[in-house]
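Just so it is clear, the values below take in all heavy atoms, side chains as well, and ignore hydrogens, waters and symmetry mates.
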Amino acid sequence: MPDYTIKVASYNIHKAIGADKRRDPERILSVLDEIDADCVVLQEADHRLGKRRAILPFDALAAHGYSYVPLSLRSCSLGWHGNALLLRDFASCVAYERVRLPRLEPRGAIICDIKIRGRIWRLIGSHLDLSGLFRRRQVAFIVDRLRNLQRDLPTIIMGDFNQWRRRDGCLRLLPDDFSVLPTGASFPAQHPLVGLDRIIIAPQIRYLECGVHNTPLARLASDHLPVWAKLALSPDF
């Protein structure tokens with residue numbers, strides 16, 4: 001029987017600045033090695049100012065077995081408003097879209113259709129606003145954009161939602177049949193108390209396992225811990 005399972009992860013890498021206040025991209029890459037996901041959505045993947053260069057060197061990504069979706073409008077950057085998507089070599093991006101979100105400060109989302117083992121999945125990544133009002137507007141905007149896409153695909157929404165509770169605030173605006181996975185507390189990394197980082201799945205998908213990647217290296221590498229999930233397509237899809 002074909003294997004239609006995937007492992008995904010979401011990671012706010014905090015521009016690779018760790019608990020020791022040092023910027024160390026290699027630590028982030030080592031955490032990604034520990035997770036060993038098929039697809040990883042990153043937040044804060046580029047420098048904020050200047051040319052907004054990628055935090056993770058392109059050649060180092062390749063050395064660690066990842067390619068990246070060319071979302072940036074700048075050749076030196078990795079993502080769109082800091083949102084990036086990394087893929088293993090057996091996965092490929094067949095379409096992508098950059099989305100500008102309603103904002104208090106510049107924010108965006110990425111929508112990528114990914115082919116893995118013969119099936120296409122839709123991955124959405126974003127880093128939502130600190131303002132509850134704008135978070136709600138941003139989730140409503142993403143949901144509306146999904147409804148207007150021509151092709152119905154099994155959809156995964158991931159990112160730093162800046163939302164403390166699992167079904168409050170902006171998360172109430174998700175479609176009723178979407179599920180917020182119980183990944184756990186991911187922030188702050190050294191003493192995680194709240195689940196700011198989320199993985200949300202459409203009804204065509206079931207989750208097999210999920211959690212927070214809490215290791216000594218992950219607690220040091222960023223102010224957020226990564227969240228991950230092993231997912232499968234529902235049998236009737």
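Taking the side chain as every heavy atom from C-beta outward, D152 and Q204 approach each other to under 4.5 Å. Between T183 and D197 the shortest side-chain heavy-atom distance does not fall below 4.5 Å. Taking 4.5 Å as the limit, every side-chain heavy atom of R206 sits out of range of all side-chain heavy atoms of L231. Residues Y96 and I111 fail the side-chain proximity criterion, which asks for heavy atoms closer than 4.5 Å. Residues V180 and I201 are not in side-chain contact: their nearest non-hydrogen atoms beyond the backbone lie 4.5 Å or more apart. At least one side-chain heavy atom of N162 sits less than 4.5 Å from a side-chain heavy atom of R135. At least one side-chain heavy atom of L61 sits less than 4.5 Å from a side-chain heavy atom of L78. Contact check for I124 versus I156: no side-chain heavy atoms found under the 4.5 Å cut-off.
Remark: side-chain polar atoms of S72 are paired, donor with acceptor, to backbone N or O of R74 under 3.5 angstrom. Put simply, the side chain of R198 gets close to the backbone of Q163: a donor and an acceptor are under 3.5 Å apart. Remark: the backbone N or O of G108 is paired with a side-chain donor or acceptor of N83 at under 3.5 angstrom. A donor-acceptor contact shorter than 3.5 Å links the side chain of S222 to the backbone of H224. A donor-acceptor pair under 3.5 Å is absent between the side-chain atoms of Y66 and the main chain of L29, judged by distance alone. For R100 (side chain) and P106 (main-chain N/O), no donor-acceptor pair under 3.5 Å exists by modelled atom type. Put simply, the side chain of Q138 gets close to the backbone of D129: a donor and an acceptor are under 3.5 Å apart. T155 places a side-chain N or O within donor-acceptor distance of the main-chain N or O of L153, the cut-off being under 3.5 Å.
Every side chain to side chain contact (heavy atoms under 4.5 Å, CB included) that K230 has, sequence neighbours left out, goes to K7, L208, E209, W228. Residues satisfying the side-chain hydrogen bond (donor to acceptor under 3.5 Å, both in side chains) test with T215, not counting sequence neighbours, are E34. For the side-chain hydrogen bond (donor to acceptor under 3.5 Å, both in side chains) test, no residue two or more places apart in sequence or in another chain qualifies with R136. With sequence neighbours excluded, no residue forms a ring pair (Phe, Tyr, Trp, His ring centres under 6.0 Å) with F141. With sequence neighbours excluded, the residues that form a side chain to side chain contact (heavy atoms under 4.5 Å, CB included) with S126 are L101, A109, L128, I142. With sequence neighbours excluded, the residues satisfying side-chain hydrogen bond (donor to acceptor under 3.5 Å, both in side chains) with Q43 are S10. By the side chain to side chain contact (heavy atoms under 4.5 Å, CB included) test, A185 pairs with P192, sequence neighbours left out. For I17, the side chain to side chain contact (heavy atoms under 4.5 Å, CB included) partners are H14, R23, not counting sequence neighbours.
Residues A37 and V8 share a closest heavy-atom pair of CB-C, 4.1 Å. Here the shortest heavy-atom pairing between I114 and C39 reads CG2-SG, 4.3 Å. Nearest heavy atoms, A45 versus I13: CA-CD1, 3.9 Å. Annotation for S186 and V227: closest pair CB-CG1, 4.0 Å, computed over non-hydrogen atoms. Closest of all the heavy-atom pairs between Y11 and A218 is OH-O, 4.5 Å. Nearest heavy atoms, F161 versus I200: CZ-CD1, 3.5 Å.
Cluster membership check: I35 shares its hydrophobic cluster with L56, using side-chain heavy-atom separations under 4.5 Å among Ile, Leu, Val, Met, Phe, Trp and Tyr. Tracing side-chain contacts under 4.5 Å through hydrophobic residues (I, L, V, M, F, W, Y), one reaches L87 starting from M158; they form part of the same cluster. Transitive grouping of hydrophobic side chains (ILVMFWY, heavy atoms separated by less than 4.5 Å) brings V41 and I6 into a common cluster. V40 and L71 sit in two unconnected hydrophobic clusters of ILVMFWY residues. Membership requires side-chain heavy atoms under 4.5 Å apart, directly or through other members.
Put simply, CG on L123 and CD1 on I157 are 10.0 Å apart, with the number rounded to the nearest 0.5 Å. In this structure, CG on L85 lies 8.5 Å from OG on S67, to the nearest 0.5 angstrom. Rounded to the nearest 0.5 angstrom, I55 CD1 and L42 CG are separated by 10.5 Å. Here the OG atom belonging to S179 is positioned 8.0 Å from the CG atom belonging to D177, to the nearest 0.5 angstrom. Of the inter-residue distances, the one linking D38 atom CG with W121 atom CH2 reads 9.5 Å to the nearest 0.5 angstrom.
For residues 88-98, the pairs satisfying salt bridge (charged side-chain N to carboxylate O under 4.0 Å, His left out) are D36-R88, E97-R145, with sequence neighbours left out. Counting only residues at least two apart or in different chains, salt bridge (charged side-chain N to carboxylate O under 4.0 Å, His left out) contacts with residues 11-21 comprise K15-E44, D20-R22, D20-R27. Pairs engaging residues 67-87 under the ring-ring contact (aromatic ring centres under 6.0 Å, His included) rule: F58-Y68 [sequence neighbours left out]. Among pairs with a residue in residues 212-225, none fulfils salt bridge (charged side-chain N to carboxylate O under 4.0 Å, His left out), at least two apart in sequence or across chains.
We find that D113 and R122 are joined by a salt bridge, their nearest charged nitrogen and carboxylate oxygen being less than 4.0 Å apart.
Within a 6.0 Å sphere centred on CZ of R53, heavy atoms belonging to other residues, nucleotides or ligands number 12 at most.
Annotation: cation-pi pair R107/F134 absent, no NZ/CZ under 6.0 Å from the ring centroid and within 45° of its normal.
Between the side chains of H64 and D33, at least one donor N or O lies within less than 3.5 Å of an accepting N or O.
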Q: Go through the steps for V139 and L174 under the test side chain to side chain contact (heavy atoms under 4.5 Å, CB included), then give the verdict.
A: CA-CA 7 Å; V139 170; L174 293 167; 4.2 Å; yes
